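Let me begin by handing over the structure; questions about it come next.
What you are looking at is a predicted structure, and each value in this text was computed from that prediction instead of being measured. We name chains A, B, ... by the order of the sequence lines, and we start the count at 1 in each one.
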Amino acid sequence: MLSPFRLDLLGKYLCYAIVAVGISLAWGRGGMLTLGQGVFFGLGGYAMGMHLKLQDGELPDFMSWSGVEELPLLWKPFANPVFALAMVIVLPVLVATLLGLLVFRQRVRGAYFAVLSQALAAAFVILLIGQQGLTGGTNGLTNFQYFFGLDLYEDADRRILYLVTALILGASYLSVRQLVRSRYGQLLVAIRDGEDRVRFLGYDPALVKTVAFAVSAGLAGIAGALFVPLVGLLSPANLGIVASLELLVGVAIGGRYSLAGAVAGALLFNYAKTIFSEQWPDGWLYVQGALFVAVMVWAPRGLAGLSHQFRDALSSRRKVEVQA
Amino acid sequence: MSALLEVRGLNVVFSGFHAITDLDFTLQAGELRFLIGPNGAGKTTLIDVITGLTKPASGSVRFAGEDLAGKREYKIVRAGVGRTFQTSVVFDELSVLDNLDLAAGFRRRMTGLLRRRHGISDDVASALDTIGLGDLADRPAGVLSHGQRQWLEIGMLVVQRPRLLLLDEPVAGMSRDERDRTGELMQSVAKDHTVLVVEHDMAFLRRFASTVTVLHEGRLLCEGTVAEVQADPRVQEVYLGRKERV
Amino acid sequence: MGTLNQLVIGASIGAVLLLAALGLTFTFGQMGVINMAHGEFIMAGAYTAYVLQPLAGDQAVIVALPVAFAVGGVLGLILERLIIRRFYGRPLDTLLLTFGISLILQQAARDIFGAPNVQVDAPGWLTGGVDLAGVRIAYNRLFILVLAIGCVVAISLYLSKLRQGRRMRAVMQNRQLAAVSGVATGRVDQATFFIGSGLAGVAGVALTLIGPVGPTLGTAYIVDAFLVVVAGGLGQLKGAVIAAFVLGVLNSFVEFWTANGASFAKVVVFAVIIAFLQFRPQGMFVLKSRALT
């Protein structure tokens, strides 16, 4: 049995793995390099966090610190659990759909899209920090006591929460796997490899891509909502440019084209991060940077793609021999 | 009877360069028409305009009585116009069968797309048979030869049952054997489709064409049977000094 | 009055953006490389001025300009030679790759110079300002504006007058055609990366005039710099100049008009760029091509 501390960490990794499932769909299958998953993670997380802060019926602590005396209008509906739970998915999906339709219809893609999604993450974080009274600013939302009847300070209750998270990860994995194997999944790959050709087959690539992007955003939102009670804290530092990129590294390491690889990569990467940050805090950035470089240079398909790469290398050697 | 495709007063300008000037062009249902002309004559540009890839400066394109102006590319395809490109684009990671299935499913709604493919639909099976790639059905399209890729692309068009097929240089870069097979494939497709072919290859033209339209510097030069066009002094002048004498 | 003041502030933000983005228009535009480490080259330029301070006193900023150009340029060249040249045609992978490099460089700066911010003193003649129509224009802001204009002029002269520069334009417009016409594209790529990264170094020196220097200095500017390139059009000097100043002025006005505006400015800028891309999906200026992608 894992100690409560290790179990806490595992819960966090599971959340990142849920995000990874979505990234694998959008990036690996759809070719959309999304550098702004932190935004969707944050939208889901804040929707949940706002509800949890309102569960005891009092004004959230950070508001009284920053001189806000009455609950802001924006917060009021989040007292309703059904509304809050719906928003966990609706908000990220809505933002992703809007952005997706606007940019994909205009055929903004590849590097342009990556840059824009990153700019969205930057703007989102600055907005969160600036609206101290509404969002808790740099500190974000902290101090949660209850999660839908579970006491977050009770180990037994926390175990239930991990179980729920693990189940949601499993369900996400299975549904995205189903999606990837469907005709839709083939269409998505086809668009990644030849968007204009697909357009001349009579499909609207913008729509197909937006669906994948929105699904990945929804998964990130769910993950963010689980992150809040599991970790007990959500702040802009979890959502910005660097955090968004870290969500991506795990997928890159595990293998962007493989769903299982993406999940394993996210778990592995975040575990390594914990270990290193404990043992050698200053060195972690070096390790992380070197990991980025190493994966991109030697294993662009990630760990899951190593066998594929090996096969390619073998067959190209064979070709050379035949030619010689 | 009204024409299937009617182009009237078409002008296309690329930053000052007139690619097509005052072009009128008509195609009747059931025709197999060749479109020829020297480089820069505006052949591919005409196809690009019909399929919505290029926006004309003025003029109209009517397909089966419907104005195509300002329609998005995929809607033009759904109206029944299919095309191939000079460089064939098939999806390397998908199998030959899945390539065809993808093309066949273009009218499916999102909910229909969410299911996996089970078995082979009749349309796909008959297209597979037409293009003669039955043996390679389950291989990824990435392993196909250049000629086979072109045939797969034609198959992907046929399976969509378009009312008009536009083929842009289907035999470019093919061996003689492959050209003959492509020509036969094209003729069998033309039996129940209207087909417009852009082609440079004169031997191919003489063997497989019936009516020909000649473009030159963005204008219509002449139209007629292969023999008529070959006899036309203007055509000879345009091609004078070229290897590909008509 | 207020409007004029905001225009001046906007122009100076624009000048900073332009300096940061100038190099990117070439590395991104010509080579399709999304160099996230560009921000760290800016940071390296700023630290160059800091290092030169004990030697050059309060003229460090001036002395540092050419040195920082060389420092940034050499860093860029090393990056290009060692790794990036294996990645041409894989723009999204270069993004992740160079982000890794940027993490390493940030931590290196932390280990060398310490995590706290450091200060570079501006030359005495850059303190103070001039009053123009009732608006006070600080000399350091004016200097950055002049520096940005100077860099743009130098680049456009290089591109139009020098053989090297014309080769660079040729590669930018059609790499394959340039290659078969006998242009050594590899050489041109190296030159492009050297100049582009050198300009980042210069931008870093300019930034020391308006704020402290820290290991994460570059990250603050890199995203906006990329937005300038996207809005301006790839490899388009003219586009980058206009986009930088429009975004700078927009920033300053949003901050002025809305309460607590600084936090909204980025969101508004983002929305404006998305709206702009609805009309010009490829940015303000674009090289026409019939290629099917």
Side-chain angles (χ1 to χ4, degrees), chain A residues 27 31-33 35 98-99 102-103 105-116 118-133 135 137 194-197 200 240-242 245-246 248-249 252 256 282-297 300, chain C residues 28 32-34 36-37 82-83 86-87 90-108 110-111 115 215-216 219-220 222-227 229-230 234 260-271 273-275 277-283 291-293:
Chain A
W27 180 35
M32 294 166 271
L33 180 56
L35 303 179
L98 194 68
L99 182 68
L102 284 174
V103 302
R105 271 174 75 93
Q106 296 304 322
R107 296 171 206 183
V108 174
R109 57 193 169 204
Y112 274 58
F113 173 73
V115 167
L116 286 175
Q118 187 166 52
L120 179 67
F124 181 64
V125 164
I126 291 173
L127 186 66
L128 283 177
I129 295 174
Q131 304 299 315
Q132 174 86 31
T135 62
E195 182 166 332
D196 285 313
R197 185 68 189 93
F200 285 103
I241 295 178
V242 175
L245 267 155
E246 283 186 353
L248 209 80
V249 200
R256 68 187 94 154
D282 289 345
W284 169 242
L285 278 182
Y286 287 124
V287 174
Q288 194 186 347
L291 266 177
F292 262 105
V293 177
V295 166
M296 284 301 132
V297 171
Chain C
F28 191 16
V33 171
I34 310 182
M36 296 294 291
L82 278 188
I83 313 179
R86 308 174 182 211
F87 279 78
R90 289 163 60 191
L92 298 186
D93 287 357
T94 61
L95 191 155
L96 297 177
L97 173 85
T98 52
F99 179 72
I101 306 280
S102 96
L103 290 181
I104 293 173
L105 289 177
Q106 272 177 36
Q107 187 58 37
R110 228 170 257 130
D111 287 345
T216 55
T219 30
I222 188 75
V223 174
D224 287 343
F226 271 115
L227 284 184
V229 180
V230 167
L234 287 188
N260 198 356
S263 68
F264 279 111
K266 298 284 177 215
V267 179
V268 172
V269 165
F270 182 77
I273 287 178
I274 296 290
L277 291 178
Q278 300 305 302
F279 305 102
R280 289 295 183 97
Q282 292 178 293
L292 187 72
T293 48

task: Against chain C, work out which of A/Leu35, A/Leu248, A/Leu99, A/Ile126 has the most heavy-atom pairs shorter than 4.5 Å and name it.
output: A/Ile126
query: Would you say C/Arg86 and A/Met296 make side-chain contact, with heavy atoms under 4.5 Å?
result: no
task: Pick one of side chain, backbone, both or neither for C/Ile34, based on which atoms fall under 4.5 Å of a heavy atom in chain A.
output: side chain
task: Output, in order, the C-alpha distance, side-chain angles, deciding distance and verdict of side chain to side chain contact (heavy atoms under 4.5 Å, CB included) for C/Phe264 and A/Gln131.
output: CA-CA 9 Å; C/Phe264 279 111; A/Gln131 304 299 315; 3.5 Å; yes
message: Please classify the contact of A/Ala119 with chain C as side chain, backbone, both or neither, using a heavy-atom distance under 4.5 Å.
response: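 Both parts, backbone and side chain.
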message: Between A/Trp27 and chain C, with a heavy-atom cut-off of 4.5 Å, which part of the residue counts as in contact: side chain, backbone, both or neither?
response: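 For A/Trp27, the contact with chain C is made by the side chain alone.
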message: Is C/Leu227 close to chain A through its backbone or its side chain, or both, or neither, when contacts mean heavy atoms under 4.5 Å?
response: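 Looking at C/Leu227, backbone and side chain both touch chain A.
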query: Does any heavy atom of chain C fall under 4.5 Å from the side chain of A/Ile241, the backbone, both, or neither of them?
result: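 Side chain only.
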query: For C/Phe270, is it the side chain, the backbone, both, or neither that has a heavy atom closer than 4.5 Å to a heavy atom of chain A?
result: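 The side chain, not the backbone.
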field: Residue part contacting chain A, namely of C/Ile104, when any heavy atom lies under 4.5 Å
entry: both
field: Contact summary for C/Ser263 and A/Gly130, nearest pair of heavy atoms
entry: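 Minimum heavy-atom separation between C/Ser263 and A/Gly130: CB-CA, 3.6 Å.
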- request: Check for a donor-acceptor pair, side chain of A/Gln288 on one end and backbone N or O of C/Gly100 on the other, with a separation under 3.5 Å.
  value: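 The answer is no, because no donor-acceptor pair under 3.5 Å joins these two groups.
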field: Close side-chain approach of C/Leu96 to A/Leu245, heavy-atom, < 4.5 Å
entry: yes
query: Does any heavy atom of chain C fall under 4.5 Å from the side chain of A/Val108, the backbone, both, or neither of them?
result: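 For A/Val108, the contact with chain C is made by the side chain alone.
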Most contacts with chain C, counted as non-hydrogen pairs under 4.5 angstrom, among A/Val103, A/Asp282, A/Val125: A/Asp282
- prompt: What option among C/Leu92, C/Leu95, C/Val268 has the most heavy-atom pairs under 4.5 Å with chain A?
  reply: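 Option with the greatest count: C/Leu92.
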task: Please list, chain by chain and in numerical order, all residues satisfying salt bridge (charged side-chain N to carboxylate O under 4.0 Å, His left out) with A/Arg105, sequence neighbours excluded.
output: none
query: Counting distance only, does the side-chain N/O of C/Gln278 pair as donor-acceptor with the main-chain N or O of A/Leu102 below 3.5 Å?
result: yes
Residue, of A/Val295, A/Val287, A/Leu285, that accumulates the most heavy atom pairs under 4.5 Å with chain C: A/Leu285
field: Distance (rounded to the nearest 0.5 Å) between C/Phe28 CZ and A/Tyr112 OH
entry: 6.5 Å
message: Which atoms of C/Phe87 are under 4.5 Å from chain A, going by heavy atoms: the side chain, the backbone, both sets, or neither?
response: side chain
- request: Please state whether the side chain, the backbone, both or neither of A/Leu128 comes within less than 4.5 Å of a heavy atom of chain C.
  value: neither
- prompt: Where on C/Ile83 is there a heavy atom nearer than 4.5 Å to chain A: the side chain, the backbone, both, or neither?
  reply: side chain
- prompt: Relative to chain A, which segment of C/Ala108 carries a heavy atom at a distance below 4.5 Å: side chain, backbone, both, or neither?
  reply: both
- prompt: Is it the side chain or the backbone of A/Ala122 that comes within 4.5 Å of chain C heavy atoms, both, or neither?
  reply: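 Side chain only.
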message: As a test of understanding, state which of C/Leu103, C/Ile101, C/Leu97 forms a side-chain contact (heavy atoms from CB on, under 4.5 Å) with A/Phe292.
response: C/Leu103
message: Is C/Asp111 close to chain A through its backbone or its side chain, or both, or neither, when contacts mean heavy atoms under 4.5 Å?
response: side chain
message: Going by the rule salt bridge (charged side-chain N to carboxylate O under 4.0 Å, His left out), which residues pair with C/Arg90 if we only count those two or more places apart in sequence or in a different chain?
response: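 Expected list: C/Asp93.
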query: Under a 4.5 Å heavy-atom cut-off, does chain A meet the side chain of C/Leu105, its backbone, both or neither?
result: neither
